[in-house]
Peer 1: 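One structure is given below, represented as structure tokens, and several questions about it will come after.
Model, not experiment: these values are computed from the prediction.
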Amino acid sequence: SSWSLFIITEQPYFTPVNLNKPHYDLLWKLSSESESRYRPVSLQKSEVTAGRASGNVDIDFCLKLDWSDPPSNYSIEAVFILEATEKQIDNRDKRDKRDKKIKQLRSDKSLLH
């Protein structure tokens with residue numbers, strides 16, 4: 001069976017909230033990706049990676065800061081969700097077989113006429 005790993009935050013702002021530091025200032029990327037691939041943690045579930053076997057998923061985080069951020073102990077909760085994905089049945093095979101049967105029936109009928 002296969003799986004998908006997602007990341008999400010339910011907090012629009014880092015705590016302390018009165019400093020108005022938005023959640024999207026926390027950036028992430030897979031460790032194997034280039035530095036240009038950092039993307040913000042979202043309030044929507046975002047897929048990190050997917051796989052079929054067990055293994056390690058190495059993730060790098062980056063906190064976006066500038067001179068307008070006052071010194072503080074910033075914190076935010078990032079949640080990881082691991083979902084098993086069902087193997088999807090390929091309906092093409094069934095459709096191909098059905099189409100062949102229909103063609104066979106039609107050709108058989110034409111022989112009777």
Peer 1: Looking at residues at least two apart in the chain, or sitting in another chain, which of them share a side chain to side chain donor-acceptor pair (under 3.5 Å) with Ser4?
Peer 2: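 Per chain and number, Ser4 pairs via side chain to side chain donor-acceptor pair (under 3.5 Å) with Glu47.
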Peer 1: Other than Val17, which residues form its hydrophobic cluster under the rule that side-chain heavy atoms must be closer than 4.5 Å?
Peer 2: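 Besides Val17, the cluster holds Tyr13.
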Peer 1: Holding to side-chain contact (heavy atoms from CB on, under 4.5 Å), I want the full list of residues that pass it with Ser42, two or more places apart in sequence or in another chain.
Peer 2: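 Ser42 satisfies side-chain contact (heavy atoms from CB on, under 4.5 Å) with Gln44, Ser46 only.
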Peer 1: If hydrophobic residues (ILVMFWY) are linked whenever their side-chain heavy atoms come closer than 4.5 Å, directly or via other members, who joins Leu27 in its cluster?
Peer 2: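 The other cluster members (ILVMFWY side chains, heavy atoms under 4.5 Å, direct or chained) are Tyr38.
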Peer 1: Shortest non-hydrogen contact from Glu83 to Phe6?
Peer 2: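 Scanning both residues, the minimum pair turns out to be OE1-CE1, 3.5 Å.
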Peer 1: Kindly work out whether a path of hydrophobic side-chain contacts (I/L/V/M/F/W/Y, heavy atoms less than 4.5 Å apart) joins Leu63 to Leu30.
Peer 2: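 Looking at the clustering, Leu30 is in the same group as Leu63.
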Peer 1: Residues sharing Tyr24's hydrophobic cluster, by side-chain heavy-atom contacts under 4.5 Å among ILVMFWY, directly or via others?
Peer 2: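 Result for Tyr24 is none, singleton.
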Peer 1: Can I get a per-line list of side-chain donor-acceptor pairs under 3.5 Å for residues 71-78, giving both atom names and the distance, sequence neighbours left out?
Peer 2:
residue: Tyr74; atom: OH; partner: Pro70; partner atom: O; Å: 2.7
residue: Ser75; atom: OG; partner: Thr15; partner atom: OG1; Å: 2.6

Peer 1: Using side chain to side chain donor-acceptor pair (under 3.5 Å) as the criterion, list what pairs up with Lys21, not counting sequence neighbours.
Peer 2: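 Lys21 satisfies side chain to side chain donor-acceptor pair (under 3.5 Å) with Asp25, Asp69 only.
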Peer 1: Can you name the residues that form a side-chain contact (heavy atoms from CB on, under 4.5 Å) with Ser34, not counting sequence neighbours?
Peer 2: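 Partners of Ser34 by the side-chain contact (heavy atoms from CB on, under 4.5 Å) criterion, ordered by chain and then number, come out as Ser36, Arg37.
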Peer 1: Phe80 and Leu5: which non-hydrogen atoms are nearest, and at how many Å?
Peer 2: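 Scanning both residues, the minimum pair turns out to be CB-CD1, 4.2 Å.
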Peer 1: Hydrophobic clusters here meaning ILVMFWY residues chained together by side-chain heavy-atom distances under 4.5 Å, can you tell me if Trp28 and Ile81 are in one?
Peer 2: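 Trp28 and Ile81: separate clusters.
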Peer 1: As an exercise, state the distance from CZ of Arg39 to CD1 of Ile7, rounded to the nearest 0.5 Å.
Peer 2: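 Those atoms lie 9.5 Å apart.
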Peer 1: By salt bridge (Lys or Arg N to Asp or Glu O under 4.0 Å), which residues pair with Lys64, not counting sequence neighbours?
Peer 2: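 For Lys64 there are no salt bridge (Lys or Arg N to Asp or Glu O under 4.0 Å) partners, ignoring immediate neighbours.
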Peer 1: State yes or no: do Leu19 and Phe14 share one hydrophobic cluster built from I, L, V, M, F, W and Y residues joined by side-chain heavy-atom distances below 4.5 Å, directly or via other members?
Peer 2: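 Yes; Phe14 is reachable from Leu19 via cluster members.
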Peer 1: Using the salt bridge (Lys or Arg N to Asp or Glu O under 4.0 Å) rule, collect all pairs that involve residues 8-17, keeping only residues at least two apart or in two chains.
Peer 2: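 Counting only pairs at least two positions apart or across chains, no salt bridge (Lys or Arg N to Asp or Glu O under 4.0 Å) contact touches residues 8-17.
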Peer 1: In terms of hydrophobic clustering (I, L, V, M, F, W, Y; side-chain heavy atoms under 4.5 Å; direct or indirect links), are Val79 and Val41 co-clustered?
Peer 2: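 No, separate clusters.
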Peer 1: Applying side chain to side chain donor-acceptor pair (under 3.5 Å), can you list everything that pairs with Ser68, at least two apart in sequence or on another chain?
Peer 2: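 Once residues adjacent in sequence are excluded, the partners of Ser68 under the side chain to side chain donor-acceptor pair (under 3.5 Å) criterion are Asp66.
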Peer 1: Report the residues that fulfil side chain to side chain donor-acceptor pair (under 3.5 Å) with Asp58, sequence neighbours left out, ordered by chain and then residue number.
Peer 2: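 Asp58: no side chain to side chain donor-acceptor pair (under 3.5 Å) contacts found.
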Peer 1: Is the cationic atom of Arg52 (NZ for Lys, CZ for Arg) positioned less than 6.0 Å from the six-membered ring centroid of Trp3 and within 45 degrees of its normal?
Peer 2: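 Here Arg52 fails the 6.0 Å and 45° test against Trp3.
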Peer 1: Which heavy atom in Val48 sits nearest to a heavy atom in Val57, and how many Å separate them?
Peer 2: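 For Val48 versus Val57, the nearest heavy atoms are CG1-CG1, 4.3 Å.
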